[in-house]
Amino acid sequence: MLSPFAKQVHKLLRTVPKGRVTTYKELANAMDTKAFRAIGQVMRSNPNAPNTPCHRVVSANGTLGGFMGEKSGPKVLKKIRLLKKEGTLVHGNRVVDFNRKLYKFQNPNR
DNA sequence: AGAGCACTGATCC
DNA sequence: GGATCAGTGCTCT
């Protein structure tokens with residue numbers, strides 16, 4: 001069961017074009033909230049994985065943060081590879097040209 | 001009801 | 001410059 005909050009997160013995430021990334025902060029900002037952690041929690045639960053590219057969400061400093069358990073096994077590497085294919089280059093634990101790939105939501109509040 | 005979390009910003013050292 | 005504290009809202013146990 002997805003809470004409206006989670007649903008909103010997914011929605012915003014889907015609005016992010018491929019080859020682009022976003023940050024928890026932006027998401028929270030777009031939702032007019034400050035619960036970055038809550039978002040992370042929802043992601044960790046991974047409600048609808050294929051529809052919710054959590055890997056497309058990164059920390060504000062451009063690092064992946066701790067996706068699938070911090071160390072991110074080969075699985076995430078694979079995802080990163082896919083991401084790379086899409087246009088999001090991830091170097092090690094960081095997004096290349098993060099500030100350039102960062103997608104900012106259009107929030108009337110800002 | 002309580003603890004935890006995939007964060008971030010500010011403060012402390 | 002790095003480490004720790006505090007704030008925040010939601011999910012899980």
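Letters A, B, ... are given to chains in the order of the sequence lines, protein chains preceding strands, and every chain is numbered from 1.
The partner of B:dA6 is absent, by the rule that a Watson-Crick or G-U pair needs both atom distances under 3.5 Å. Of the nucleotides present, B:dT11 is the one that pairs with C:dA3 by Watson-Crick or G-U wobble criteria, both distances under 3.5 Å.
In this structure, A:M31 and A:F5 have side chains that are in contact, with non-hydrogen atoms separated by less than 4.5 Å. Contact check for A:R56 versus A:K18: side-chain heavy atoms found under the 4.5 Å cut-off.
When the P atom of B:dA6 is taken as reference, atom CD1 of A:I80 falls 17 Å away, rounded to whole Å. A:M31 has its CE atom 13 Å from the C1' atom of B:dC7, to the nearest Å. Straight-line distance from the CE atom of A:M43 to the C1' atom of B:dC7: 12 Å, rounded to whole Å. Between the CG atom of A:N61 and the P atom of B:dA6 there is a distance of 16 Å, given to the nearest Å.
Mapped onto DNA chain B by nearest heavy atom, A:V57 and A:K25 fall at different nucleotides, with A:V57 at the one closer to the 5' end.
OP1 or OP2 of B:dT8 lies within a sub-4.0 Å distance of a side-chain N or O belonging to A:S59.
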Derivation and outcome, salt bridge (charged side-chain N to carboxylate O under 4.0 Å, His left out), residues A:R20 and A:E86: CA-CA 9 Å; A:R20 215 56 86 69; A:E86 287 192 347; over 6 Å; no

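Summarising the geometry of A:A28 relative to A:F36, their closest heavy-atom pair is CB-CD2, 3.6 Å, with the distance given to 0.1 Å.
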Letter per nucleotide, 5' to 3', of nucleotides 8-13 of chain C [B base touched, S only sugar-phosphate touched, - untouched; heavy atoms, 4.0 Å]: BBSBS-

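By the side-chain contact (heavy atoms from CB on, under 4.5 Å) test, A:Q41 is found to be paired with A:R44, residues two or more places apart in sequence or in another chain being considered.
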Could you pull out all donor-acceptor pairs under 3.5 Å where a side-chain atom in residues 57-67 of chain A meets a protein atom, sequence neighbours excluded?
from  : atom 1 : to    : atom 2 : distance (Å)
A:S59 : OG     : A:T63 : O      : 3.3
A:N61 : OD1    : A:T63 : OG1    : 2.8
A:N61 : ND2    : A:T63 : OG1    : 3.0

